[in-house]
Visitor: 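I am attaching a structure below and will ask some questions about it afterwards.
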Amino acid sequence: MQNALSRQLTPSQKKAVFHIEGPLLILAGPGSGKTRVITHRIAALIDSGVKPHNICAITFTNKAADEMRQRAVALGASAGAHISTFHSLCVRILRQYAHKAGISPNFSVYDDADQTRCIKQAVKACELDTTNFPPARMLDAVSALKNNLIDVDSFKTRADDFFSKTLAKIYARYQTILTDANALDFDDLLFKTAFLLRDCPDVCAELGNRFKFLLIDEYQDTNHAQYKMAKYLVSTHNNICVTGDPDQSIYRWRGADIRNILAFEKDWPDATIVKLEENFRSTPNILQAADNLIAANQNRKPKKLIPTKPPGPDIVISPFPDEMQEAQGLVKQIKEFTAKGASTKDIAVFYRVNSMSRVLEEAFIEEKVPYQIVRGVEFYSRKEIRDILAYLKILVNPDDELALLRIINTPARGIGKTTIDKVRSYAARQNVTLYDALKKADKIDSLSKSPKSKITSFVKMIEQFKKDSAGPVAPLAERVFTESGLVKSLKAIGPDGRNAIENVNELISAAAQYDDQTEEPSLLDYLQQISLFSDVDAYDTSTDRVALMTLHCAKGLEFENVFIVGVEDGLLPHERSNSDQNTDEMEEERRLFFVGMTRAKSGLNISYAKYRTIRGHVLRTIPSPFLFELGIEFNDTPAENHYHYDDSTSQDVPQLAPNQMVRHKKFGLGTIEEFIDMGQNSVVVVKFNSGQTKSLMLKYAPLKIIENS
DNA sequence: CATAGCCGCCTTTTT
DNA sequence: GGCGGCTATG
């Protein structure tokens, strides 16, 4: 069997696959066949007598887990190994040992939208101003604390300045809100599991005995909580194998600690280290440029990228006048590629921010090129989907106040704000949950007859659903959709409603699929699973479409032809990352570009636009400084109007004279100071009454001419 | 209590 | 430029 498994493996790959006992660090460069090595390793472990259920492999996304499971089975490994993400593993552990973790097993998992609502509530409850304490910032801070396993009490004792003390209050309040709702956010899943393992040696031993072999992929992107989890899990058997590439660490902002992989040898002094430096994916010219780029990072261990493929086409760097023409040019290029026989599904477009997908999408539609935007969570943030899911969540976890408040009057059933406020204050007085208060609506004196009966029938409906909530999910979801009145209310709003109904039907189909594929389908399990759904998980590789995704999503994937768009200063590197050279943030942006480039097997096309509309403002841009680090000569002058964008934006621009009055959508009234006639590209300098002076491109700027009367 | 329309907020990347 | 939340109105 070893022979069968080791076929077509290089010597270092073989070492990584067959080094069974003890800690192992696999430093794997891009395209080094790392995924292959891991799946082979799982098969080799089983082959050497390890029971499948004694293996736990942790991947970065659910999709990666699914693929790994399939590949391992295809290699002849019997199924049964636990392969999942850290978060899924935590859900499983926490559900099993809920009582020991001090939680209830039917907990809701709060996503970022839920988190935002809760943190806002917390900031408000602390009677703080949201301008001085912006909820998004507070959430980041709380998240960072949890990722570093700092609990409320220990943070309180160490908080010595005003800000920290305030943050401690918000943190405490936020946790109370979540606890009261029997909810855990993404960070809690890791946090609670790590503390469970720390505080319950019996649980730790039990899991350690079960998972005798632990494999962690993308180890460079683990955070402190995940690191601790790993340490606890392997404390008995010491069989830990991690793989990763410090040059591909792109989640520092989310708490990922690159030191975890850099210090692996210190943590496990008897560790074996295998380097996989050969690259089987990209052409030598792509690797050379990627290497030139990443070499600019100061804070790194130098590493080789050894090419194994024959030379391929040159990297193309194309400037465009603006993002519309960039999109148009991109789609035209893709058409040329496919006309020459390239497969549509083997083409990907990467961008730094999600908002850039819009203009690309328009061009794909216009040119009728099939595409998919890889953004899985978007579906779950639609109103109608959140509504139906809120109904289902309540059946499992009636304490989930966020879900309850969402549906109590959706569709409208005459339970308005005043009524809800009365019930809430009753609940607070009696120290019961909102749902319990609703159940006792009859006893709430402040309520008059009509709202009482409306509440009663709502509770009755929910209780009815609850009775039949065991078993498969899809039929229940369908029933809830109809009987809650959601379908009816959506039908009533016309075409948009039809669309919404379609979406819910899609959800029900997905639930049916879950029912089919799961041995014992349960609503709780289903809800907890879909809450851990990630963007790439929605990536459908079976259809022939161009994949559009963020650079972060691109991690772990590969394509024959890659297009990276919007490679401009301020976008990549993003302006929000500290723009000083060689700060940690700048280096992470560089790694992000590195990850994007090294996804390409043969065609790598980089583009940027000289003008880009950002949040409604047309801004002049400059090429990303990273472009000058690639060691490639390129021409900064766009092929003017090469790709004519047939749109109102390229209509004739007016001739303007100084002193002409204009009104700008954003800046208000202003006077023309100068008119630079460049035909389509005429520029005006406007002095606005607000005091600021702007130079604007006429074909983009939303300027209205005020007639002199 | 429902609805529409407006204001003001945020806006990097995601499990 | 988009969305959530708030307010004014029916």
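Basis for what follows: all heavy atoms, side chains included, without hydrogens, waters or symmetry-related copies. Throughout, a chain's letter reflects where its sequence line sits, starting with A, and its residues are numbered from 1.
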Visitor: What integer distance in Å separates A:Q226:CD from B:dT14:C1'?
Guide: 12 Å
Visitor: What's the CG-P distance between A:D140 and B:dT12, to the nearest Å?
Guide: 10 Å
Visitor: Tell me: CZ of A:R590 to P of B:dT12, nearest whole Å?
Guide: 21 Å
Visitor: In whole Å, I'd like the distance from the CG atom of A:L189 to the P atom of B:dT14.
Guide: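 For the pair A:L189 CG and B:dT14 P, the rounded distance is 19 Å.
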Visitor: Less than 3.5 Å apart, any donor N or O on the side chain of A:D217 or A:T243 sitting next to an acceptor on the other?
Guide: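 Their side chains do contain a donor-acceptor pair, which is all the 3.5 Å distance test asks for.
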Visitor: Just call it for A:S88: base, sugar-phosphate, or nothing, with non-hydrogen atoms closer than 4.0 Å on any strand.
Guide: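 If one applies the 4.0 Å heavy-atom cut-off, A:S88 turns out to touch nothing in the nucleic acid.
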Visitor: Quickly work out the A:L139 CG to B:dC9 C1' distance and round it to whole Å.
Guide: 16 Å
Visitor: So if I take every side-chain heavy atom of A:T550 and compare against B:dT14, B:dC1, B:dT12, which nucleotide ends up nearest?
Guide: B:dT14
Visitor: Contact class for A:D112 vs. all strands (heavy atom < 4.0 Å): base, sugar-phosphate, or nothing?
Guide: nothing
Visitor: On the 0 to 90° scale, with breaks at 30° and 60°, tag the A:F195-A:F191 ring pair as parallel, tilted or perpendicular.
Guide: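 Because their plane-to-plane angle is over 60°, the rings of A:F195 and A:F191 count as perpendicular.
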Visitor: May I have the distance from A:Y110 (atom OH) to B:dT15 (atom P), rounded to whole angstrom?
Guide: 20 Å
Visitor: Below 4.0 angstrom from OP1 or OP2 of B:dT13, is there any side-chain N or O of A:N354?
Guide: yes
Visitor: Starting at CE of A:M586 and ending at C1' of B:dT12, how long is that distance when rounded to a whole Å?
Guide: 15 Å
Visitor: From the options B:dC1, B:dT15, B:dT12, select the nucleotide whose nearest atom is closest to the side chain of A:T418.
Guide: B:dC1
Visitor: Please walk me through it: do A:Y174 and A:D185 pass side chain to side chain donor-acceptor pair (under 3.5 Å)?
Guide: CA-CA 11 Å; A:Y174 175 76; A:D185 65 15; 2.8 Å; yes
Visitor: For A:E589 and A:G414, find the nucleotide of DNA chain B closest to each by heavy atoms; which residue's nucleotide sits nearer the 5' end?
Guide: A:G414
Visitor: It should be established whether A:S534 places a side-chain nitrogen or oxygen under 4.0 Å from OP1 or OP2 of nucleotide B:dT15.
Guide: yes
Visitor: Looking at B:dT13 and A:W253: do their rings stack (centroid distance under 5.5 Å, interplanar angle under 30°)?
Guide: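 Per 5.5 Å and 30° rule: yes, stacked.
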Visitor: Where the side chain of A:K124 is defined as all heavy atoms beyond and including C-beta, which of B:dT15, B:dT12, C:dC6 is the nearest nucleotide?
Guide: C:dC6
Visitor: Does the side chain of A:T613 get closer than 4.0 angstrom to OP1 or OP2 of C:dG1 through an N or O atom?
Guide: no
Visitor: Students often mix this up, so state it plainly: with edges at 30° and 60°, are the rings of A:F559 and A:Y539 parallel, tilted or perpendicular?
Guide: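 Answer is tilted, since the angle falls between 30° and 60°.
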Visitor: Quick one: side chains of residues 136-145 of chain A, donor-acceptor pairs under 3.5 Å with protein atoms, not counting sequence neighbours, listed by atom name and distance.
Guide:
| from | atom 1 | to | atom 2 | distance (Å) |
| --- | --- | --- | --- | --- |
| A:S143 | OG | A:D187 | OD1 | 3.4 |
| A:S143 | OG | A:D187 | OD2 | 2.9 |

Visitor: Closest approach to the side chain of A:R375, judged atom by atom: which nucleotide of B:dT12, B:dT15, B:dT14 is it?
Guide: B:dT14
Visitor: Rounding to a whole Å, what distance do you find between A:R386:CZ and C:dC3:C1'?
Guide: 13 Å
Visitor: Nearest to the side chain of A:R117, heavy atoms from C-beta on, is which of B:dT12, B:dT15, C:dG5?
Guide: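 Looking only at side-chain atoms, A:R117 lies closest to C:dG5.
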Visitor: Tell me what A:F86 touches on the nucleic acid: a base, only sugar-phosphate, or nothing, going by heavy atoms under 4.0 Å.
Guide: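 Contact class for A:F86: none.
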Visitor: Given B:dT13, B:dT15, B:dA2, identify the nucleotide with an atom nearest to the side chain of A:A412.
Guide: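 The listed nucleotide nearest to A:A412's side chain is B:dA2.
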Visitor: What nucleotide, of C:dC6, B:dT14, B:dT12, holds the atom closest to the side chain of A:H574?
Guide: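 Of the candidates, B:dT12 comes closest.
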Visitor: Is A:N409 touching bases, backbone alone, or none of the nucleic acid, heavy atoms closer than 4.0 Å?
Guide: sugar-phosphate
Visitor: Does a donor on one side chain sit under 3.5 Å from an acceptor on the other, for A:N147 and A:N223?
Guide: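 A donor-acceptor contact under 3.5 Å links the two side chains.
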Visitor: Could you pick out which residue, A:L190 or A:V353, lies toward the 5' side of DNA chain B when each is mapped onto its nearest nucleotide?
Guide: A:V353
Visitor: Taking only the side-chain heavy atoms of A:R358 (C-beta and beyond), determine which of B:dT12, B:dT15, C:dG2 contains the nearest atom.
Guide: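 My answer, after comparing the listed nucleotides, is C:dG2.
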